[in-house]
Amino acid sequence: MLILGIETSCDETGVALYDTAAGLLGESLHSQVDLHALYGGVVPELASRDHIRRLVPLTREALAKSSRGLDDLDLIAFTQGPGLAGALLVGASVAAGLGIALGKPVTGIHHLEGHLLSPLLADPRPDFPFVALLVSGGHTQLMRVDGVGRYRLLGETVDDAAGEAFDKTASLLGLGYPGGPALSKLAEQGRADRFDFPRPKAKSGDLDFSFSGLKTAVLTKVRQLGTLDASTRADLAASFQAAAVDVLVAKCLQAMTSEGLDRLVVAGGVGANARLRAQLVGAAARQGAQVYFPPVHLCTDNGAMIAFAAALKFPGGLPEETGFPVHPRWDLAQAASRQGS
Ligand code: KG4
Ligand code: ZN
């Protein structure tokens with residue numbers, strides 16, 4: 001079964017073809033970073049317009065890379081939510097249009113389910129059950145995953161998402177948008193032990209997170225310091241990153257212990273962070289556990305995770321669906337219960 005996956009929930013236009021027999025065939029991606037950088041964050045209207053411009057050429061490109069044509073498709077999958085309503089509608093409209101024109105079924109996929117299942121694209125692939133850390137710009141959640149569509153929320157952030165904290169702290173340090181990758185790059189040159197930032201909720205006993213206090217601690221320190229030289233900025237970045245990563249690692253270990261599981265899967269944009277990867281692998285190994293990541297380029301938003309999630313959810317294909325509602329706010333538990341055989 002050949003599946004076209006379309007992702008347009010935020011600021012990346014992603015298209016990919018996944019074949020249930022041959023695996024991932026071709027991927028195309030356009031990041032809108034340059035478009036939004038000027039404004040210091042994503043401008044929804046500009047995002048929608050750019051998705052309109054990019055989606056059809058990227059679909060052609062992904063098909064060409066895969067040496068496949070539109071007629072070869074068996075299923076079209078698109079991100080149905082959560083995300084920016086206008087941006088989601090672009091992917092939904094193109095998917096629905098293709099479905100009608102080709103007479104092929106179309107299905108909507110939950111963005112977080114795409115992230116959650118993407119580590120299964122890696123080799124080695126984790127067996128169920130596992131604990132999943134979903135750590136992106138909009139979400140920070142720990143889940144217990146017993147199978148495709150069988151997810152239980154263990155804990156989540158009570159305020160900012162981890163990626164949001166990276167982005168806001170980066171902006172404080174004058175790194176622009178999107179801050180996460182730039183901050184982690186700057187942190188490589190800094191001393192993580194120079195500033196002792198708080199590790200919020202690290203010892204709270206529950207599996208929830210809180211990142212807004214950490215962000216405020218950096219803001220307070222920046223104000224206290226006044227002008228920042230290059231090495232101080234790097235030390236601030238490194239010390240912030242160390243605090244954020246420490247909390248994420250502590251909660252992941254705690255989640256595995258409380259669930260009696262020894263497999264951890266990390267998904268979402270912050271999963272690309274090198275320190276998080278290294279610390280998790282080390283800490284998990286000391287606990288006799290193993291950590292699985294998607295390939296780095298599949299940590300951030302992409303079409304492959306959407307096509308792949310559709311392949312796992314609907315292994316027997318899908319009857320034709322009509323209409324294409326999007327869900328800008330969408331609970332994963334609701335989405336997970338929809339599944340084929
Ligand atoms: O999953 P994603 O592409 O989009 C959402 O669904 O949110 O995640 C984007 C988030 C942004 O906050 C970005 O700054 C963060 O992931 N991010 C990183 C790194 N790469 C991306 N944060 C820390 N270190 C990185 N290397
Ligand atoms: Zn995402």
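Just so you know, ligand 1 is whichever comes first in the structure, and atom 1 is the first atom listed for that ligand. Side-chain atoms are counted along with the backbone in the values below, which use heavy atoms only and exclude waters and symmetry mates.
- The minimum distance between the Zn ion (ligand 2) and any N, O or S atom of Asp301 involves atom OD1.
- Distances shorter than 4.0 angstrom do not occur between any heavy atom of Cys10 and any atom of ligand 1.
- Selection from Ser136, Ala161, Gly180 by nearest heavy atom to atom 5 (C) of ligand 1 gives Ser136.
- The distance from the Zn ion (ligand 2) to the nearest N/O/S atom of His139 is not under 2.8 Å.
- Counting heavy atoms under 4.0 Å from ligand 1, residue His111 touches it through the side chain alone.
- Ring geometry for Tyr18 versus Phe308: interplanar angle over 60°, hence perpendicular rather than tilted (30 to 60°).
- At a threshold of 2.8 Å, the Zn ion (ligand 2) has a backbone or side-chain N, O or S atom of His111 nearer than that distance.
- For ligand 1, one of its N or O atoms has an N or O atom of Gly137 under 3.5 Å away.
- The minimum heavy-atom distance linking Cys252 with Leu133 is given by the pair SG-CD2, 3.6 Å.
- Contact annotation: His115 has at least one heavy atom less than 4.0 Å from an atom of ligand 1.
- The distance from ligand 1 to the heavy atoms of Phe166 drops below 4.0 Å at these ligand atoms: 23 (C).
- The side chain of Ser184, and not its backbone, has at least one atom closer than 4.0 Å to an atom of ligand 1 (non-hydrogen atoms only; side chain from C-beta on).
- Between atom 14 (O) of ligand 1 and the options Asp167, Val245, Leu134, the minimum heavy-atom separation is to Asp167.
- Looking at Lys251 and Asp208, no side-chain N of the basic residue comes within less than 4.0 Å of a carboxylate O on the acidic one, giving no salt bridge.
- Checked against a 6.0 Å centroid threshold, the rings of Phe240 and Phe195 do not count as neighbours.
- Around CG of Asp146, the count of heavy atoms belonging to other residues, nucleotides or ligands within 6.0 Å exceeds 12.
- Nearest to atom 24 (N) of ligand 1 by heavy atom, out of Thr79, Val42, Asn273, is Asn273.
- Applying the salt bridge (charged side-chain N to carboxylate O under 4.0 Å, His left out) test to pairs two or more places apart or on separate chains, none has a residue in residues 77-93.
- At a cut-off of 3.5 Å, with distance as the only test, a side-chain donor of Thr13 or His51 sits close to an acceptor on the other residue.
- Within 6.0 Å of atom CZ in Arg60, 12 or fewer heavy atoms from other residues, nucleotides or ligands are found, so the atom counts as exposed in its surroundings.
- Where the criterion is an N or O separation shorter than 3.5 Å, residue side chain and backbone included, Gly269 meets it with respect to ligand 1.
- For the atom pair NZ (Lys168) and CZ (Phe211), the distance works out to 12.5 Å, reported to the nearest 0.5 Å.
- Residue contacts with ligand 1 include Gly138, since one of its heavy atoms falls under 4.0 Å from the ligand.
- The closest side-chain donor-acceptor pair between His115 and Asp301 falls under 3.5 angstrom.
- Taking a cut-off of under 4.0 Å to the non-hydrogen atoms of Thr300, the atoms of ligand 1 that pass are 3 (O).
- Listed by first and then second residue, the salt bridge (charged side-chain N to carboxylate O under 4.0 Å, His left out) pairs that reach into residues 260-279 come to none, sequence neighbours excluded.
- The shortest N or O to N or O distance between Gly163 and ligand 1 is under 3.5 Å.
- With hydrogens left out, the protein atom closest to atom 3 (O) of ligand 1 is Asp301 N, 3.1 Å, a heavy atom.
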